[in-house]
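Structure first, commentary second.
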There are 2 protein chains.
Amino acid sequence: MAASTLAEVAKLAGVSPATASRVLNGSARTPGAGIAERVRAAAASLGYVANAQAQALATSSTGLIGLIVHDIADPYFSAIARGVQDAARERRRMVLLATTDGTPADEKAAVAAFAARRAESIVIAGSRSTHGEDAAANIELAAELDRYCRNGGRVGVVGQPVVGVTETAGYHTVVVPNERLARELAGAVGRDHEGPFIIVAGPQGLVTSDDRVRGIQRGLADAGRPAATIVRAPFGRNGGFEAGVEIARGIRENPGPRPVIFAANDVMAIGVAAALRDNGLRVPRDAALAGFDDIEWLRDFRPALTTATLPLEEIGRLATLGTLNDDAGPATIAGSVTMRRSTGAG
Amino acid sequence: MAASTLAEVAKLAGVSPATASRVLNGSARTPGAGIAERVRAAAASLGYVANAQAQALATSSTGLIGLIVHDIADPYFSAIARGVQDAARERRRMVLLATTDGTPADEKAAVAAFAARRAESIVIAGSRSTHGEDAAANIELAAELDRYCRNGGRVGVVGQPVVGVTETAGYHTVVVPNERLARELAGAVGRDHEGPFIIVAGPQGLVTSDDRVRGIQRGLADAGRPAATIVRAPFGRNGGFEAGVEIARGIRENPGPRPVIFAANDVMAIGVAAALRDNGLRVPRDAALAGFDDIEWLRDFRPALTTATLPLEEIGRLATLGTLNDDAGPATIAGSVTMRRSTGAG
DNA sequence: TAACAACGGGAATGCGCTTTCCCAGTGGCT
DNA sequence: AGCCACTGGGAAAGCGCATTCCCGTTGTTA
């Protein structure tokens, strides 16, 4: 990485480095037209590309935004990533990407790496876990984030506050009303169905999943329906598939009224649907099914999924912009319930 | 971003900055245990986080990898991104992300930004366009990449070489055998179907699309089938949908033997399928359909898509690793044809 | 015991840039 | 004519770190 330097450009143009710097990057002072032209010509002939590291060191501003996701290939996260990337580009920032599989220890490492790079803000997406075994790592993550904020960093949090973070200075949360939407969703579905109800949830302690489970139960209660039984599985497509296999067996062994299955997210719902299909069961004929998130790439799936629509890209944008502006206080996105064929609607 | 500095840590520990540097980053020389302990304690108490910019400046190595994709939310690119991210993490690098919508001008800008940041390598994914209006921008992109390579950068290219790049030094291409796979795919499908055949292609000049179209035509010829007619549309889900609407109209207006539709990629195929369905046509009953890529998130789609399976994540890994090692010469991935229900198989 | 190698620590330099400060020249004003 | 404000350019001081020398100690060997 041995590109030519400002000093070389300056020498070739016959000016001082200070002058070269002033013309090549719009400083407050603008050198005369003739000189500027000479410098620009020299820069072009040498193929000069300013060293952003050196500039960052000199100006103490990097133009970097760190993004932390569980898995960039997961459509939930990649949709958010697009929003983050859009906002970053709009504000002339570059995004640094880190993936962590949701492991608090990895997230801590990612925050440290971003802090070392002096990223101006960090956007952290992905559900936090309150599970016991993660407790220690969560505390360390929170400490790392707090340190980052004390040093002037700003962090954008998607979903719910980071477990263990008490300070609010520097944090900008985009609140996703998981519980409220889940409640509305379950209420709407509950009005049309008698049950029994089943929730395919993620691991206990995963905040997003827990919030949605709680909301669903309340929504069912609102509609005067019995509480749902809960099946837990990993928070992804394959987790949904496992749960779906189990549910299919249950349906075969204990035939009864058509069950209604709420999956904690769309991706799990797709897994459930695949498992039911593999077991000769059809949605919505043999079981109603609802998801959560309304992932864009899954909208062509049939039967179309009843779900809670979240403006994921917008969420990413808001989280990013919130850290760049001085917006005080959390932003709350709306979201809405979308009824489709998988629960018999449409 | 005013974190504490090495000098502060050194002062607090009562040692020189040189010593502090040596203990905090494994240098060749390791200070004595007692001193090391003091330094580490001082660093911890100050919450010291080394400034990666300064380190980069001093060592002239940044540990950064730039990734250029059309759209991070597109599952094709996000799968590749996962591979890149994996490889980067394995090699202790961070990835910088840029999205460009495939616009050569934006890609040039992204390369320049990565060069400024002194990224050690750049991975560029996404089809190049040979279309006339992009010609000038393509030349500039190639020039920017060449300059980057001359300065010691290494670039990993996914798919086909960048248009206009003549040098090979610094470039590491992961060749995707689009034409061969398309030919195999069309040959296999052609054996079971009489036609007529239709190709839903991307815009003319998009290299990946053109390669696949050519391969399909040759595969049909291999099987002794007539050439396919070509419908062009934007290279995404909605483009596929548009084309699907047109094709559905054609089928309605000119009923005849069941047509076979090859989409230039899976995402377009999904769009085609949605359009056919909206028009009361069913796959594979009223039309056979094949895609390309075998996107993971689309595998639960029904009818399951006949397609060419590409190890996208592996492709991302190889492109990244290729730039980091001194692997000479291009890597070629295999890929395979996967026959499923959408063409009547399975 | 003398000479020397090995070791462990610090001073100083430089990475490539921005920016303050300084200085000479110019024009406007009384 | 004399003074001053201003302009446009350069010298130099960092930004935070790694690293090369250099030097005083200690341990080793003949």
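Sequence lines set the chain letters: A, B, ... in the order given, protein chains first and strands last, and positions in each chain run from 1.
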Each nucleotide N or O in nucleotides 10-15 of chain C that has a protein N or O under 3.5 Å away: list the pair and distance.
| residue | atom | partner | partner atom | Å |
| --- | --- | --- | --- | --- |
| dG10(C) | OP2 | Ser16(B) | N | 3.1 |
| dG10(C) | OP2 | Ser16(B) | OG | 3.2 |
| dG10(C) | OP2 | Thr19(B) | OG1 | 2.4 |
| dG10(C) | N7 | Arg22(B) | NH2 | 2.8 |
| dG10(C) | O6 | Arg22(B) | NH2 | 3.1 |

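Contact annotation: Gln55(B) does not reach the phosphate of dC17(D) (side-chain N/O to OP1 or OP2, under 4.0 Å).
What separates CG of Leu6(A) from C1' of dT19(C) is a distance of 13 Å, to the nearest Å. In this structure, Arg118(B) places its CZ atom 8 Å from P of dG16(C), rounding to the nearest Å. For the pair Asn25(A) CG and dC17(C) P, the interatomic distance rounds to 9 Å; values are reported in whole Å. Computed from coordinates, the Leu24(A) CG to dC17(C) P distance equals 9 Å when rounded to whole Å. Between Arg117(B) atom CZ and dG16(C) atom P the separation is 18 Å, expressed in whole Å. In this structure, Lys11(A) places its NZ atom 13 Å from P of dG16(C), rounding to the nearest Å.
Glu144(A) has a carboxylate O that lies under 4.0 Å from a charged side-chain N of Arg147(A), or vice versa, which qualifies the two as a salt bridge.
Judged as a ring pair (Phe, Tyr, Trp, His ring centres under 6.0 Å), the pairs with a partner in residues 76-105 of chain B (not counting sequence neighbours) are, in order, His70(B)-Phe77(B).
The OG1 atom of Thr62(B) lies 11.5 Å from the CZ atom of Phe114(B); values are rounded to the nearest 0.5 Å.
For Arg317(B), the side-chain hydrogen bond (donor to acceptor under 3.5 Å, both in side chains) partners at least two apart in sequence or on another chain are Glu90(B). Residues meeting the side-chain contact (heavy atoms from CB on, under 4.5 Å) test with Thr103(B), sequence neighbours left out: Asp101(B), Ala105(B), Asp106(B).
A heavy-atom distance below 4.0 Å to DNA chain C is reached by none of the residues of residues 37-52 of chain B.
Between Ala20(A) and Ala10(A) the shortest heavy-atom distance is CB-CB, 3.9 Å.
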Less than 3.5 Å apart, which donor and acceptor atoms pair up between the side chains of residues 37-44 of chain B and the rest of the protein, not counting sequence neighbours?
| residue | atom | partner | partner atom | Å |
| --- | --- | --- | --- | --- |
| Arg38(B) | NE | Ala13(B) | O | 2.9 |
| Arg38(B) | NH2 | Ala13(B) | O | 3.0 |

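For the pair Arg118(A) (side chain) and Ala115(A) (backbone), a donor-acceptor distance under 3.5 Å is present.
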